[in-house]
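The chain is numbered in sequence order, starting from 1.
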Amino acid sequence: MTSLALYYTPNQFGIEGVDHYNISLYSQTQLGKVLDPGYHRTLNYPHIGKFHSVLNLWYWLKHKPLDDRYRVRDYNGLRRIVKTELPETVYVPNFRAIIGLATYQKLKMYPELVKQIRAGEGSKAFLSYHTPRRCVTRVTNGYASVIVPVAVHIAKAIRERREPDFVDFVDDKHSSSMSFLEGFIRTRYSSELKHQLGL
């Protein structure tokens, strides 16, 4: 497994699928596509419900106010809302751990990919990049700093035949209960709902 810092240098790598996986909707591999946050696979995150993809969850968590349009819009619809309405972006406690757990939940829906990782495929480097139109240079995706370490962590856990714990991704250990959502709920939900949840 290569150092995580290498995901910032995608042009140092050779053929995708041979020495690395590209976490991107445009990946040449099924594993790279599925790990991308924008890959459409509905997931049901504990305590907060269904989302069209991990990216939908990402946008729903990070933008204010909480807007349920983010739960169901496709990739282009999400980008359109953000570009036209310019919603406020907010800090979300334990965000990377939440995205990690959601990504793992999604990957488990593809047992053949889990087997592939367990068989050693997950020891290749994980990158996340795109190649702009009329260009041959790979450019690191903006979400690489979150999704690449998550993918590395998940692949390592699968190869070791254990569940990933995402503790290393927690930035607020005092509010990481409820599947890492406690801090988010404390800061974004009404006092009535927090009282119902015992927070």
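Between H20 and Y129, the angle of the ring planes lies from 30° to 60°, which puts this pair in the tilted group. Between F180 and F166, the angle of the ring planes goes over 60°, which puts this pair in the perpendicular group of the 30/60° scheme.
The pair R71-D68 meets the salt-bridge criterion, with a side-chain N (NZ, NE, NH1 or NH2) lying under 4.0 Å from an Asp/Glu carboxylate O.
For the pair K106 and Y39, the cation-pi test (distance below 6.0 Å, angle within 45°) is failed.
The closest side-chain heavy-atom distance from F184 to V92 is below 4.5 Å. At least one side-chain heavy atom of V139 sits under 4.5 Å from a side-chain heavy atom of P132. Put simply, the side chain of F13 reaches to within 4.5 Å of the side chain of R138, judged on heavy atoms. When side chains are defined from C-beta on, Y21 does not count as touching I117, because their heavy atoms never get closer than 4.5 Å. When side chains are defined from C-beta on, E182 does not count as touching H174, because their heavy atoms never get closer than 4.5 Å. Under the 4.5 Å side-chain criterion, counting only non-hydrogen atoms from C-beta, K62 is not in contact with V90. Looking at Y75 and L55, their side chains come closer than 4.5 Å, going by heavy atoms from C-beta outward.
For residues 72-100, the set of pairs meeting the salt bridge (charged side-chain N to carboxylate O under 4.0 Å, His left out) definition, not counting sequence neighbours, comprises R69-E85.
Paired with H63 under the rule ring pair (Phe, Tyr, Trp, His ring centres under 6.0 Å), one option of Y91, W58, Y70 passes, and it is Y70. The side chain to side chain contact (heavy atoms under 4.5 Å, CB included) with I158 is formed by just one residue from the set K115, R118, K108; it is R118.
Residue H130 comes nearest to T140 through the heavy atom pair CE1-O, 4.4 Å, listed as atom of the first residue, atom of the second, then distance.
Evaluation of the side-chain hydrogen bond (donor to acceptor under 3.5 Å, both in side chains) rule for S176 yields no partner, not counting sequence neighbours. Contacts of T103 classified as side-chain hydrogen bond (donor to acceptor under 3.5 Å, both in side chains), with partners at least two apart in sequence or in another chain: none.
In summary, the side chains of N141 and Y7 do not present any donor paired with an acceptor at a separation below 3.5 Å, with no hydrogens or angles considered. Side-chain contact, Y110 with Q30: no donor N or O sits under 3.5 Å from an acceptor N or O.
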* After noting the C-alpha distance and the side-chain angles of L66 and Y189, does the key distance pass the side chain to side chain contact (heavy atoms under 4.5 Å, CB included) rule? -> CA-CA 9 Å; L66 289 176; Y189 276 84; 4.1 Å; yes
* From CA spacing to verdict: side chain to side chain contact (heavy atoms under 4.5 Å, CB included), L61, I98 -> CA-CA 10 Å; L61 290 167; I98 296 167; 3.7 Å; yes
